[in-house]
Amino acid sequence: MGSAITLEASYAFCRRIARNRARNFYYSFLLLSPEQKDAMCAIYAFMRYCDDISEGGEYSAQAIEQWGRVLDLVLAGQGGDVNPLWPAFYDTVQRYRIPHQYFHEMIQGVSSDTHPRQIQTFDELYRYCYQVASVVGLTIIHIFGFDSPDALPLAEKCGIAFQLTNILRDVREDSENHRIYIPSEDIQRFSADLTKYDENFVALMRFEADRAQNYYAESRPLIGMVHEKSRRSLWALIEIYRRLLARIERQNFNVLDRRARVPTPEKLGILASAILRPRFKT
């Protein structure tokens, strides 16, 4: 694959993006081998560009369409545009034999964020979460390594849990951008107003949080199904997101006044716990 940038420089570029932008993902990368960490950074850089393009204003839809065309060229080994992420991305996809369809599904997911929307049903929300988060899980377990195909549906569920957590954290910001991801059928069920913190809002958020907790529980066996050298990283990644959901619950779902986050010292504590744990089966 021809490119003006070297593979080494491309990976360095992707590492910088992940270090500066991946607030939750990057910490878990630190527990991987250097080769796996580089691969994770390359995949993250691709995802970050997808998200950034979707936030680009009135020309986002055209930009995402062009991004998909360049992706096809890159995956075919025919080069791409001048973006320095491509050599590392292509090398990672080839090295870990990651199915190409996942990247197109990511693009389809973020393309739906280029205009105002109101999710109507949980089935519609699940499809959205699958495209923007589950396919990420399905991608990165190829880097973690796995042997049984039973790992795939668990990675899908793990992605659903992560995205539901993000949606609960970002209710205020998403509403301000005219993107309502909590299903209309649920909002009506609880007679809630996403701009008003009251008992109806809390009941709705608790319902969605319980849904996320169920997906975390169902996907838990995935930790024991990825290759042993990767289990600490996956455990830490899941634990960071679970702690984020726990913080949302602990502030009684008042995400309208303050944004929930897992502080850096707590994330470092999670990494230390992962390192000190003797074994990871689940």
Side-chain angles (χ1 to χ4, degrees), residues 1-56 59-60 62-111 113 131-146 155 159 162 226-227 229-230 232-234 236-237 240 267 271:
M1 173 181 167
S3 176
I5 186 172
T6 66
L7 184 60
E8 181 181 357
S10 180
Y11 272 117
F13 173 79
C14 294
R15 285 194 294 269
R16 287 194 298 273
I17 291 178
R19 186 169 57 248
N20 294 330
R21 305 285 299 276
R23 295 181 180 86
N24 291 323
F25 274 82
Y26 187 73
Y27 288 89
S28 69
F29 296 176
L30 300 176
L31 298 173
L32 295 169
S33 70
E35 294 80 10
Q36 288 175 301
K37 178 184 173 184
D38 277 350
M40 288 289 200
C41 289
I43 295 301
Y44 178 82
F46 173 81
M47 295 187 304
R48 186 74 268 159
Y49 266 86
C50 288
D51 283 342
D52 288 349
I53 292 171
S54 74
E55 300 290 344
Y59 298 110
S60 295
Q62 298 95 308
I64 289 176
E65 186 177 342
Q66 174 61 20
W67 184 248
R69 286 194 292 267
V70 174
L71 173 65
D72 284 332
L73 292 174
V74 171
L75 293 176
Q78 298 175 15
D81 58 19
V82 296
N83 195 311
L85 79 84
W86 289 128
F89 173 81
Y90 178 78
D91 182 66
T92 292
V93 173
Q94 296 298 108
R95 185 188 303 266
Y96 292 96
R97 300 180 180 180
I98 302 172
H100 296 178
Q101 74 214 47
Y102 295 151
F103 305 110
H104 286 289
E105 286 176 316
M106 287 181 203
I107 290 175
Q108 290 171 11
V110 299
S111 68
D113 285 332
Q131 289 180 318
V132 300
S134 290
V135 293
V136 177
L138 291 164
T139 296
I140 66 175
I141 66 167
H142 285 77
I143 298 171
F144 285 140
F146 67 99
F162 284 4
V226 300
H227 289 173
K229 66 179 181 178
S230 304
R232 285 178 169 81
S233 178
L234 178 56
L237 180 59
I240 288 170
K267 293 175 184 174
L271 296 193

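All values below come from the heavy atoms of this structure, side chains included, with hydrogens, waters and symmetry mates left out. Everything numeric here is computed off the predicted structure, so don't read it as measured data.
- In this structure, the side chains of Tyr11 and Leu85 stay at 4.5 Å or more apart for every pair of heavy atoms.
- Asp51 and Arg21 are not joined by a salt bridge, as no carboxylate oxygen comes within less than 4.0 angstrom of a charged side-chain nitrogen.
- At least one side-chain heavy atom of Gln66 sits less than 4.5 Å from a side-chain heavy atom of Val70.
- Residues Tyr26 and Asn20 bring no donor and acceptor atom of their side chains to less than 3.5 Å of each other.
- A donor-acceptor contact closer than 3.5 angstrom is absent between the side chains of Gln108 and Ser111.
- Inter-residue side-chain proximity for Ile43 and Ile98 is flagged as met; some heavy-atom pair is nearer than 4.5 Å.
- For the residue pair Arg48/Tyr44, the side-chain donor-acceptor check at 3.5 Å is satisfied.
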Is there a side-chain contact (heavy atoms from CB on, under 4.5 Å) between Cys14 and Asp38 once you walk through the steps?
CA-CA 8 Å; Cys14 294; Asp38 277 350; over 6 Å; no
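- At a threshold of 4.5 Å between non-hydrogen side-chain atoms, the residues Leu237 and Phe29 do not count as touching.
- Checking Asp72 against His100 by side-chain atom types alone, no donor-acceptor pair falls below 3.5 Å.
- Rounded to the nearest 0.5 Å, atoms CD1 (Ile64) and CD (Gln62) are 9.5 Å apart.
- The neighbour count for Glu8 CD, taken as heavy atoms of other residues, nucleotides or ligands under 6.0 Å away, does not exceed 12.
- The backbone N or O of Ile143 sits less than 3.5 Å from a side-chain atom of Gln36, completing a donor-acceptor pair.
- A donor-acceptor contact shorter than 3.5 Å links the side chain of Ser233 to the backbone of Ser28.
- Within the 4.5 Å cutoff, the side chain of Leu71 has heavy atoms near those of the Trp86 side chain.
- Ring geometry for Phe89 against Phe103 counts as perpendicular: the plane angle is over 60°, on a 0 to 90° scale with 30° as the lower cut.
- Side-chain N/O atoms of Tyr96 and Thr139 include no donor and acceptor closer than 3.5 Å.
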Kindly determine whether Lys267 and Asn24 satisfy side-chain contact (heavy atoms from CB on, under 4.5 Å), including the steps that lead there.
CA-CA 8 Å; Lys267 293 175 184 174; Asn24 291 323; 3.2 Å; yes
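- Looking at heavy atoms from C-beta onward, Met47 lies in side-chain contact with Met106 at the 4.5 angstrom threshold.
- You'll find the side chain of Leu32 reaches within 4.5 Å of the side chain of Ser230, heavy atoms only.
- A 4.5 Å side-chain heavy-atom check between His142 and Pro99 finds at least one atom pair inside the cut-off.
- The distance from atom SG of Cys41 to atom CZ of Phe25, rounded to the nearest 0.5 Å, is 12.0 Å.
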